[in-house]
Undergrad: 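Sharing a structure below in structure tokens format, with a few things to ask.
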Amino acid sequence: MSQKFNAAQLARNNVKQMTPYQSARRLGGKGDVWLNANEYPLAPDFSFNKKVLNRYPECQPAEVIENYAKYSRLAPEQILVCRGADESIELLIRAFCEPGKDAVMFCPPTYGMYSVSAETYGVTQKKIPSLSNWQLDLESIRANLADVKLIYVCSPNNPTGNIIDNAALKQILELAAGRALVVVDEAYIEFCPDYSVSQWMDQYPHLVILRTLSKAFALAGLRCGFTLAAPEIIEILLKVIAPYPLSTPVADIAAQALSAEGIALMQRRVAEIRASREGLSEALRQLSVVEEVYPSETNYILVRFTDSKSVFRNLWEQGIILRDQSSQAGLAGCLRITIGSQTENLRVIEAISAFAENCQIMETP
């Protein structure tokens with residue numbers, strides 16, 4: 001009789017010990033107001049009608065690359081399109097880091113996939129905590145650069161929502177010259193385009209920028225992202241990317257989204273979200289259970305509550321799903337709230353206001 005199959009015995013040791021990234025969908029919930037994944041609340045109107053699904057797609061669809069090059073004011077050879085910025089994070093580690101020898105660096109609290117991707121490939125992680133204002137600790141970064149091949153900096157940062165000071169980014173680029181790539185994750189840059197560092201590439205050939213269509217372009221379900229880098233870096237990444245990273249429908253819709261009309265629509269959407277963000281932030285500041293609403297340059301806000309667990313659970317039970325960030329370094333009591341539609345934002349305010357009133361009634365002797 002054959003032995004009972006045990007997949008865990010065959011898995012790599014580091015994979016067996018891993019905790020997977022807890023994406024919004026993995027965390028579950030049964031709600032009708034989804035404000036935990038930084039998505040746009042309404043579906044954009046695109047269609048795919050080409051009858052070419054019997055053919056493999058291009059590895060790097062020309063129309064998508066050309067449209068993004070025009071949008072980003074870069075050359076086509078400086079752009080790689082892939083399955084979301086998450087794939088870019090992983091491709092860089094696969095291409096540039098030797099397991100057991102090299103390290104990646106990032107500054108928590110920040111996006112969790114830098115850690116997960118490094119752990120997946122057995123690459124050392126150097127976690128340099130941000131300062132109390134969530135800016136970079138330049139001296140600690142300087143002191144820990146040995147063996148570092150990749151430095152990930154998220155700006156605007158997820159989940160805090162703040163921009164990383166561009167002067168600090170320049171210092172990091174100077175420190176890393178000749179020894180590491182500096183990867184600036186600009187997933188949310190459309191909400192504050194003046195802070196983009198994409199035009200620094202000629203000055204800093206070791207600068208890599210990550211972008212996505214998931215946020216301001218409202219196409220999270222498309223899974224389409226971009227790596228912006230020197231042509232020499234793009235050539236290396238093309239060695240390790242999958243043969244057909246984008247399906248034909250994805251490439252077709254991405255090209256539509258990056259047309260002049262699609263970009264104008266995105267910019268109107270950004271203006272709407274920014275206005276809603278200010279309204280939601282101001283309303284939250286008036287509530288007794290809110291300790292602080294942090295400034296944001298994104299499509300979400302980070303809020304510190306007097307009792308975040310109770311607020312999170314109370315709204316969860318009403319079908320309003322937020323993202324609990326309290327386990328991240330320096331974020332005790334914090335929930336992240338995506339900017340939703342006007343109706344969704346109003347439901348959030350009403351639900352938290354009712355919770356606050358109930359707390360006051362219970363406290364009254």
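Here the structure is a predicted model, which is why all the values come from computation and not from measurement. Just the heavy atoms: all of them, side chains too, but no hydrogens, waters or symmetry mates, feed the values below.
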Undergrad: Are the charged groups of Arg304 and Glu292 less than 4.0 angstrom apart, N to O?
TA: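 The answer is no: the pair does not qualify as a salt bridge.
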Undergrad: Counting only N and O atoms by type, is there a donor-acceptor contact under 3.5 Å from the side chain of Thr338 to the main-chain atoms of Asn38?
TA: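 Side chain of Thr338 to backbone of Asn38: a pair is present.
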Undergrad: Could you check whether any side-chain N or O of Arg179 sits under 3.5 Å from a backbone N or O of Val148, counting only pairs where one atom can act as donor and the other as acceptor?
TA: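 Judged by distance alone, no pair lies under 3.5 Å.
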Undergrad: Might you point out which heavy atoms bring Ala187 and Lys215 nearest each other, and give the distance in Å?
TA: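 In this case the closest contact between Ala187 and Lys215 is O-CG, 3.6 Å.
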Undergrad: Does Gln325 offer a backbone N or O that forms a donor-acceptor pair with the side chain of Gln328 under 3.5 Å?
TA: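 Flag not set: sc Gln328 to bb Gln325 has no pair under 3.5 Å.
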Undergrad: Strictly below 4.0 Å, N to O, side chains only: are Asp86 and Arg223 in salt-bridge contact?
TA: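 A salt bridge links Asp86 with Arg223.
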Undergrad: Can you confirm whether Glu272 is buried at CD, in the sense that more than 12 heavy atoms of other residues, nucleotides or ligands lie under 6.0 Å from that atom?
TA: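 Counting neighbours around CD of Glu272, more than 12 heavy atoms of other residues, nucleotides or ligands fall under 6.0 Å, so yes.
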Undergrad: When you look at Tyr71 and Phe226, which way does the ring-ring contact (aromatic ring centres under 6.0 Å, His included) test go after all the steps?
TA: CA-CA 12 Å; Tyr71 167 63; Phe226 298 88; 8.7 Å; no
Undergrad: Tell me which one of Asp202, Val184, Leu228 satisfies side chain to side chain contact (heavy atoms under 4.5 Å, CB included) with Leu207.
TA: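 It is Val184; the other options fail the test.
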Undergrad: Looking just at side-chain N and O atoms, do Asp185 and Tyr114 make a donor-acceptor pair shorter than 3.5 Å?
TA: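 Yes.
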Undergrad: Would you say that more than 12 heavy atoms from the other residues, nucleotides or ligands in this model lie under 6.0 Å from the CG of Asp45, or not?
TA: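 Atom CG in Asp45 is not crowded, with 12 or fewer foreign heavy atoms closer than 6.0 Å.
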Undergrad: Take atom OH in Tyr195; do more than 12 heavy atoms of anything else shown fall under 6.0 Å from it?
TA: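 No, because the 6.0 Å sphere around OH of Tyr195 holds 12 heavy atoms or fewer from other groups.
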Undergrad: What pair of heavy atoms forms the shortest contact from Tyr68 to Ile79, and how long is it?
TA: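 Where Tyr68 meets Ile79 most closely, the heavy atoms are C-CD1, 3.9 Å.
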Undergrad: Minimum heavy-atom separation for Cys97 to Leu150, with atom names?
TA: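 For Cys97 versus Leu150, the nearest heavy atoms are SG-CD1, 3.8 Å.
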Undergrad: Can you give each donor-acceptor pair under 3.5 Å made by side-chain atoms of residues 241-264, sequence neighbours left out, with the distance rounded to 0.1 Å?
TA:
residue : atom : partner : partner atom : Å
Ser247  : OG   : Val250  : N            : 3.4
Asp252  : OD1  : Lys50   : NZ           : 3.2
Asp252  : OD2  : Gln256  : NE2          : 2.9
Gln256  : NE2  : Ser47   : O            : 3.0
Ser259  : OG   : Gln256  : O            : 2.7
Ser259  : OG   : Gly262  : N            : 3.1

Undergrad: Tell me whether Val293 is reachable from Ile163 by hopping between hydrophobic residues (I, L, V, M, F, W, Y) whose side-chain heavy atoms are closer than 4.5 Å.
TA: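 Not linked; separate clusters.
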Undergrad: Check whether Gln60 reaches the backbone of Val81 with its side chain - one donor and one acceptor, N or O, closer than 3.5 Å.
TA: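 Checking the backbone N and O of Val81 against the side chain of Gln60, a donor-acceptor pair under 3.5 Å is found.
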Undergrad: Salt bridge check, Lys309 against Asp324: does any charged N sit closer than 4.0 Å to a carboxylate O?
TA: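 Answer for the salt bridge query: yes.
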Undergrad: So which atom in Ile93 and which in Ala118 form the shortest heavy-atom distance, rounded to 0.1 Å?
TA: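 Smallest heavy-atom distance, with atoms named: CD1-N, 3.5 Å.
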Undergrad: Looking at Gly31, is its backbone amide N or carbonyl O close enough to the side chain of Trp34 to form a donor-acceptor pair, meaning the two atoms are under 3.5 Å apart?
TA: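 It does hold such a pair.
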Undergrad: Please output the side-chain donor-acceptor pairs of residues 282-289 that fall under 3.5 Å, not counting sequence neighbours, one pair per line with the distance.
TA:
residue : atom : partner : partner atom : Å
Glu282  : OE2  : Gln286  : NE2          : 2.7
Gln286  : NE2  : Glu282  : O            : 3.2

Undergrad: Among Asn158, Thr298, Asn36, Thr160, exactly one meets side chain to side chain donor-acceptor pair (under 3.5 Å) together with Arg336. Which residue is that?
TA: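 Exactly one option meets the side chain to side chain donor-acceptor pair (under 3.5 Å) with Arg336, and it is Asn158.
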Undergrad: Starting from the C-alpha separation in whole Å, work towards a yes-or-no answer on side chain to side chain donor-acceptor pair (under 3.5 Å) for Gln125 and Ser115.
TA: CA-CA 7 Å; Gln125 304 172 54; Ser115 178; 2.6 Å; yes
Undergrad: Under 3.5 Å, side chain of Asn162 to main-chain N/O of Trp134, donor-acceptor pair present?
TA: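 Yes; at least one donor-acceptor contact below 3.5 Å.
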Undergrad: Under the rule for side chain to side chain donor-acceptor pair (under 3.5 Å), what residues qualify as partners of Lys149, not counting sequence neighbours?
TA: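 Testing Lys149 for side chain to side chain donor-acceptor pair (under 3.5 Å), a comparison that skips the adjacent residues, returns Asp102.
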Undergrad: If you draw a 6.0 Å radius around CZ in Phe48, do more than 12 non-hydrogen atoms from other residues or ligands fall strictly inside?
TA: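 It does: Phe48 CZ has more than 12 such atoms within range.
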Undergrad: How about Ser196 and Glu186: does a side-chain donor come under 3.5 Å of a side-chain acceptor?
TA: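 Yes, because at least one side-chain N or O of Ser196 sits under 3.5 Å from a partner of the opposite role on Glu186.
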Undergrad: In terms of side-chain geometry, is the basic nitrogen of Arg142 or Asp137 positioned less than 4.0 Å from the acidic oxygen of its partner?
TA: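 Here Arg142 does not pair with Asp137 in a salt bridge, since their nearest N and O are not under 4.0 Å apart.
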